[in-house]
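These notes are about the structure you will find just below.
For ligands, and for the atoms within them, numbers begin at 1 and follow the listed sequence.
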Amino acid sequence: MIRLKSDADIEHMRVSGVKLAEVLHYVGGLVAPGVTTGELDHAAELHIRECGAKPILLHYMGYPASLCVSVNEQVIHGIPGRRVLKAGDIVSLDLSLSYDGYCADSTITVACGAVSVEDQHLIETTRRGLSAGIDAACVGSRLGDVGHAIQQVVESEGMSVVRDFVGHGIGRELHEDPEVPNYGKAGTGMLLKEGLVIAIEPMVNAGSSAVRILDDGWTVVTVDGRKSAHFEHTVAVTAQGPLVLTQP
Ligand code: MF3
Ligand code: CO
């Protein structure tokens, strides 16, 4: 069931989104050689609570932290802990919160110290893929247009889009309908209506799109061991065009 949002709902979600953007930007700035992934999680939780919001990933389906930290070949859902980051790592930070009952969801991938030109290119391509997907999220377009736009950017750089995990609708719940694939055929799929709010979140692998889940039950990694990047924004489809809610 699709729950379209009113202008008032979207205004609430923007407030949540701005808070999330600020926390995520802050935590991204902490990424450096020698820092542990657990320290990033603690900083995220502290700052979420300080701004009066709730860390909704904590205990979500049993997930044990407030932040997902996925390093290098880890695609998504990496569990923060004692791992010490080192120069050359690429680090995906996926964070969700709710404020006043409204959720926001966003992800960035940041370089830890100096990273290779290839890894920088992977990060930039993923960011561009997200940006193309956002641009396609207009009233009257279709979900396949969003996925297609992302897929075009990624595959034209010889990289691959993860297919086993997708974006999602978002509102009072973190995960609402519809599913939002990061691949697709232009002109196909659900028609985008004013008031639809979706989390668009391309996960991009340098090599093959195949992924698997580690024995911890959460961490998704590339099968070929090559690196992966992830960007995500919460986006409202409005009469004035796509509105990114998770930016300052
Ligand atoms: N922010 C993630 C998403 O886009 C949530 C990860 S689910 C968790 O859906 F349970 F691992 F936290
Ligand atoms: Co999401």
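- Protein heavy atom nearest atom 3 (C) of ligand 1, with residue, atom name and distance: D105 OD2, 3.4 Å.
- Atom 2 (C) of ligand 1 has D94 OD2, 3.2 Å as its closest protein atom, hydrogens excluded (heavy atom only).
- Under the 30°/60° scheme for interplanar angles, the aromatic rings of H12 and Y102 are found to lie parallel.
- Counting protein heavy atoms only, atom 7 (S) of ligand 1 is closest to H77 NE2, 3.8 Å.
- Of all atoms in ligand 1, listed by their number and element, those nearer than 4.0 Å to a heavy atom of H168 are 3 (C), 4 (O), 9 (O).
- Residue-ligand proximity, Y60 to ligand 1, at heavy-atom distances under 4.0 Å covers atoms 10 (F).
- Of the heavy atoms in C68, only side-chain atoms (C-beta onward) come closer than 4.0 Å to ligand 1.
- Salt-bridge check for R49 with E45: passed, with a basic side-chain N closer than 4.0 Å to an acidic carboxylate O.
- Neither side chain, H47 nor E22, offers a donor N or O lying under 3.5 Å from an acceptor on the other.
- Residue, atom and distance of the protein heavy atom nearest to atom 11 (F) of ligand 1 are W218 CZ3, 3.3 Å.
- Ion pairing between E11 and K5 fails under the 4.0 Å rule for side-chain N and carboxylate O.
- E194 CD to T238 OG1: the interatomic distance, rounded to the nearest 0.5 Å, is 7.0 Å.
- When heavy-atom distances to ligand 1 are checked against a 4.0 Å cut-off, H175 comes that close only through its side chain, counted from C-beta outward.
- Using a 4.0 Å cut-off between heavy atoms, Y63 contacts ligand 1 through its side chain alone, with no backbone atom that close.
- Atom 5 (C) of ligand 1 has L57 CD2, 3.6 Å as its closest protein atom, hydrogens excluded (heavy atom only).
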